[in-house]
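Okay, structure first, notes after.
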Amino acid sequence: MRYTQFLIPTLREVPADAEVVSHQLMLRSGMIRKLAAGIYSTLPLGERVMRKTAQIVREEMNRAGALELTLPFVQPAELWHESGRWNAYGKELLRLKDRNEREFCLGPTHEEVITDVARGLISSYKQLPVTLYQLHIKFRDEIRPRFGVMRAREFVMKDAYSFDADEAAAERSYMKMYEAYTNIFARLGLRFRAVEADSGPIGGSFSHEFMVLADTGEDVIVTCTACDYAANTEKAEIRVPDAVEAAADQFGALARVATPDMRTIDEVCSFLKTGPASVIKTLVFDTGEGAVVALVRGDHDINEIKLKNYLACSELALADEDLIEKVTGAPRGFAGPEGLSGVRIIADYGLKGCFNMVAGGNERDMHVVNLNFVRDFNVDAFADIRLAGQGDACPRCGKPLTTTRGIEVGHIFKLGTKYSTSMRAEFLDARGESHPMVMGCYGIGVGRTVAAAIEQSHDGDGIIFPAPIAPFTVLIVLVNPTDAQQHQIAVDLYEKLLGHGVEVLLDDRDERPGIKFKDADLIGIPLRVTVGRNAVKDGLIDIKWRKTGAQAQAALTDAVENVLEALPNL
RNA sequence: CGGGGAGUAGCGCAGCCUGGUAGCGCGCAUGCUUCGGGAGCAUGAAGCCGCGGGUUCAAAUCCCGCCUUCCCGACCA
């Protein structure tokens, strides 16, 4: 491709509304342009990157035996009523009506449609297993789109769905996808990690997220320093500590102290000259069907997902001021476990064995000190309800966990029969009995993967594309296109490389060299070849590696060979 | 939805407080010079000052309402 015949509208300045690096660089390099919040056009350069990424995904899905198809983007409400998600999905589902007032939605995911397809086509165990996938657009009306294509409302996704005759077979399909995903992200040249994840409202027995490791990631993941345990903090378990019950003779005398206007753990701690580990954080939650009180140590954070799973409730939110007051008799900031009645109290394991604690006094401007379990208050249960973090014990081996940040680029779920049951997607087994198909679903955000790659691989000058997804492999900078000799040399090289099947971009613009070099760095093509006065004078070209900054000179006569040799190691 | 910013040329911004012919830098077009890391000079095109209402002789500027957008939070495969 000749630069003058392509369209790469690079920006010198950083667009004001781009915060994260990948977003800035995708705008500056001319890959994307914003149309509306969370809605982007993909420009020719970005399109090449997206397609390369998608193609790798496609190849690995095919290799795993999955079959590509395309499902409708606009979906009738009836299907969503069948699965029960028309009401359950919330405002993220963009609903619309056609000219006859029939209700539709834009597909945020395609379980309903694929299940409908499967029940129409599959009727016998002989047709199973089958995994179907597509690469196309999703729309989710996110509460807050942000970070460019990382959290867009409209985005390209690969979504796959497996159908099996039984649990064991479904697990094999799941493992196949797990392997395919591992291959995909490895081929894309990303540093990533598969982690155990919460399966969320979709349900199902287990789930893994594929995380690209990057400091700017939205998700925090914990990994074990000793074994291979890794999980999203939403899910990460904490080993139940060996409880050492405090002896009663260590208990101090329970006392109430005035703590005027001190509502936060920090305020109370500095006032009472103690540390947050000696405080019981008392949180009131609204489950929609009554309040629940959760207790965690002051230096710990509640994990609402764990609490929600433990309580097995469908809704869970921090209580508002009114409910707090109803439950504790005090305004926010003075809740404590002592003297509460008529409400379930769940305490985190981290509080086991703690004694002489500080907690709210359930009265305005009052806290209690030397509060002790059993003597002063009781709980309904101890459970693992806090967020795992640096130094917590690994649930598998007990060694310390460490935290890193990641960007979720893929997620695989074992769905079970949730959709096949509600939508009656059934097949006949060898004995003629009817069963719901056992399903799995598997997603990869293509745009997000590209953004994650950039997030993970860039420098102050611009993008450093991993070679497998680079829009071009080689960029020839023709320093002075008005010099006929230079021009001829560059075009010769360009055509020879094209002849070898190399994806080459020839920068034949009549621009100053500085502009060309800056743009070259910005758009991040792995290998740069400079044809300038040295080529005319001495028959030499310069080769520069974008990733390492390494440079080499080559004789014109060996140029093609030298470039070809460099390609496998990009 | 709560809190906080911002909407003025393609991009980045000033002007607004104190009302009076809409500016700067980059980019774009043309010409000359230049040409191995974002050149110089000259000339030029380009604006519904987010939208609607109000105050005023006069509104980018003051007042009211709305929209959009970004950030933090809540939420979220």
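Quick caveat: nothing in here was measured; it's all calculated off a predicted structure. First the proteins, then the strands, lettered A, B, ... as listed; each starts at 1.
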> Considering heavy-atom distances to RNA chain B, does Y442(A) or D519(A) have its closest nucleotide positioned more toward the 5' end?
Replying inline: D519(A)

> Between A39(B), C71(B), G36(B), which nucleotide has the shortest distance from any of its atoms to the side chain of R146(A)?
Replying inline: C71(B)

>> Would you measure the distance from the P atom in C17(B) across to the matching atom in G7(B) and give it in whole Å?
In response: 15 Å

> How many Å lie between CZ on R33(A) and P on U69(B), as a whole number?
Replying inline: 18 Å

> Which value, in whole Å, describes the distance between the C1' atoms of nucleotides U43(B) and C49(B)?
Replying inline: 27 Å

> From the list C75(B), G36(B), G37(B), which nucleotide is the closest neighbour of the side chain of T530(A)?
Replying inline: G36(B)

> According to a strict under-4.0 Å criterion, is R512(A) in side-chain N/O contact with OP1 or OP2 of A39(B)?
Replying inline: yes

> Among G38(B), U69(B), C72(B), which nucleotide sits nearest the side chain of L522(A)?
Replying inline: G38(B)

>> Closest approach to the side chain of A16(A), judged atom by atom: which nucleotide of G38(B), G36(B), G12(B) is it?
In response: G12(B)

>> Any donor-acceptor pair, under 3.5 Å, between the side chain of R28(A) and the base of G27(B), if you only look at N and O atoms?
In response: no

>> I want to verify a distance call: between C76(B), G37(B), G38(B), whose nearest atom is closest to the D521(A) side chain?
In response: G37(B)

> CD of E142(A) versus C1' of C75(B): gap in Å, rounded?
Replying inline: 9 Å

>> Return the pairing partner of G44(B) with a 3.5 Å limit on both distances, Watson-Crick or G-U wobble; otherwise return none.
In response: C28(B)

> Should we say atom NZ of K138(A) is surrounded by more than 12 heavy atoms from elsewhere, each under 6.0 Å from it?
Replying inline: yes

>> Tell me whether D542(A) is salt-bridged to R528(A), with the criterion being a basic N under 4.0 Å from an acidic carboxylate O.
In response: no

> Paired with C75(B): which nucleotide, if any, by Watson-Crick or G-U wobble criteria at under 3.5 Å for both distances?
Replying inline: none

> In the structure shown, which nucleotide is the Watson-Crick or G-U wobble counterpart of A6(B), with both distances under 3.5 Å?
Replying inline: U68(B)

> So what's U21(B) paired with, Watson-Crick or G-U wobble, going by both distances under 3.5 Å?
Replying inline: none

> Which value, in whole Å, describes the distance between the P atoms of nucleotides C70(B) and U30(B)?
Replying inline: 35 Å

> So what does V14(A) hit on the nucleic acid, given a heavy-atom distance under 4.0 Å: a base, only sugar-phosphate, or nothing?
Replying inline: sugar-phosphate

> Rounding to the closest angstrom, what is the interatomic distance between G19(B) and C26(B) at atom P?
Replying inline: 32 Å

>> Taking C16(B) as the reference, what is the distance to U33(B) when you measure between their P atoms (whole Å, please)?
In response: 44 Å

>> side chain to side chain contact (heavy atoms under 4.5 Å, CB included), that's the test. Do L387(A) and I302(A) meet it? Break it down for me.
In response: CA-CA 6 Å; L387(A) 221 46; I302(A) 186 83; over 6 Å; no

> OP1, OP2 of C70(B) versus side-chain N and O of K34(A): anything below 4.0 Å?
Replying inline: yes

> Is there a donor and acceptor pair, one atom on the side chain of E13(A) and one on the base of G25(B), closer than 3.5 Å?
Replying inline: yes

> Between atom CZ in R546(A) and atom C1' in G37(B), what is the gap in whole Å?
Replying inline: 13 Å

> Taking 4.0 angstrom as the limit, do R146(A) and E19(A) come out as a salt bridge?
Replying inline: no

> To the nearest Å, how far apart are K537(A) NZ and G36(B) P?
Replying inline: 11 Å

>> For a quick test of reading the model: is some side-chain N or O of R12(A) closer than 4.0 Å to OP1 or OP2 of G25(B)?
In response: no

> What does R448(A) touch in the nucleic acid at a heavy-atom separation under 4.0 angstrom: a base, only the sugar-phosphate, or nothing?
Replying inline: nothing

>> Using a strict threshold of under 4.0 Å (side-chain N to carboxylate O), is an ion pair present between E209(A) and K235(A)?
In response: no

> Are any of the side-chain nitrogens in E111(A) or R85(A) under 4.0 Å away from the carboxylate oxygens of its partner?
Replying inline: yes

> Separation of F147(A) atom CZ from U69(B) atom P, in whole Å?
Replying inline: 17 Å

> Considering only heavy atoms and no angle criterion, is a donor-acceptor pair shorter than 3.5 Å present between the side chain of K544(A) and the base of G37(B)?
Replying inline: yes

> For the pair made of CG in D483(A) and C1' in U34(B), what is the distance, rounded to whole Å?
Replying inline: 15 Å

> Is the shortest side-chain N/O distance from R144(A) to OP1 or OP2 of C71(B) below 4.0 Å?
Replying inline: yes

> Whole-Å distance between A77(B) P and W80(A) CH2?
Replying inline: 12 Å

> In Watson-Crick or G-U wobble terms, both distances under 3.5 Å, what is the partner of U34(B)?
Replying inline: none

> Where the side chain of T482(A) is concerned, which of C1(B), C71(B), C35(B) is the nearest nucleotide?
Replying inline: C35(B)

> In whole angstroms, how far is the C1' atom of A77(B) from the CE atom of M150(A)?
Replying inline: 16 Å

> Given that R533(A) and G148(A) both sit by RNA chain B, which one's nearest nucleotide is further toward the 5' end?
Replying inline: R533(A)

> E304(A) has a side chain; which of G12(B), C75(B), C72(B) sits nearest to it?
Replying inline: C75(B)

> Can a donor-acceptor pair under 3.5 Å be found between the side-chain atoms of D542(A) and the base atoms of G36(B)?
Replying inline: yes

>> Testing H110(A), E68(A), M157(A), M61(A) one by one against Q134(A) for a side chain to side chain contact (heavy atoms under 4.5 Å, CB included), which residue passes?
In response: H110(A)

> Does any N or O donor sit under 3.5 Å from an N or O acceptor when you compare the side chain of R140(A) with the base of C76(B)?
Replying inline: no

>> Taking the minimum atom-to-atom distance to the side chain of F155(A), which one of A77(B), C1(B), G38(B) wins?
In response: A77(B)

> Is it true that D141(A) and R95(A) make a salt bridge, defined as a side-chain N closer than 4.0 Å to a carboxylate O?
Replying inline: no

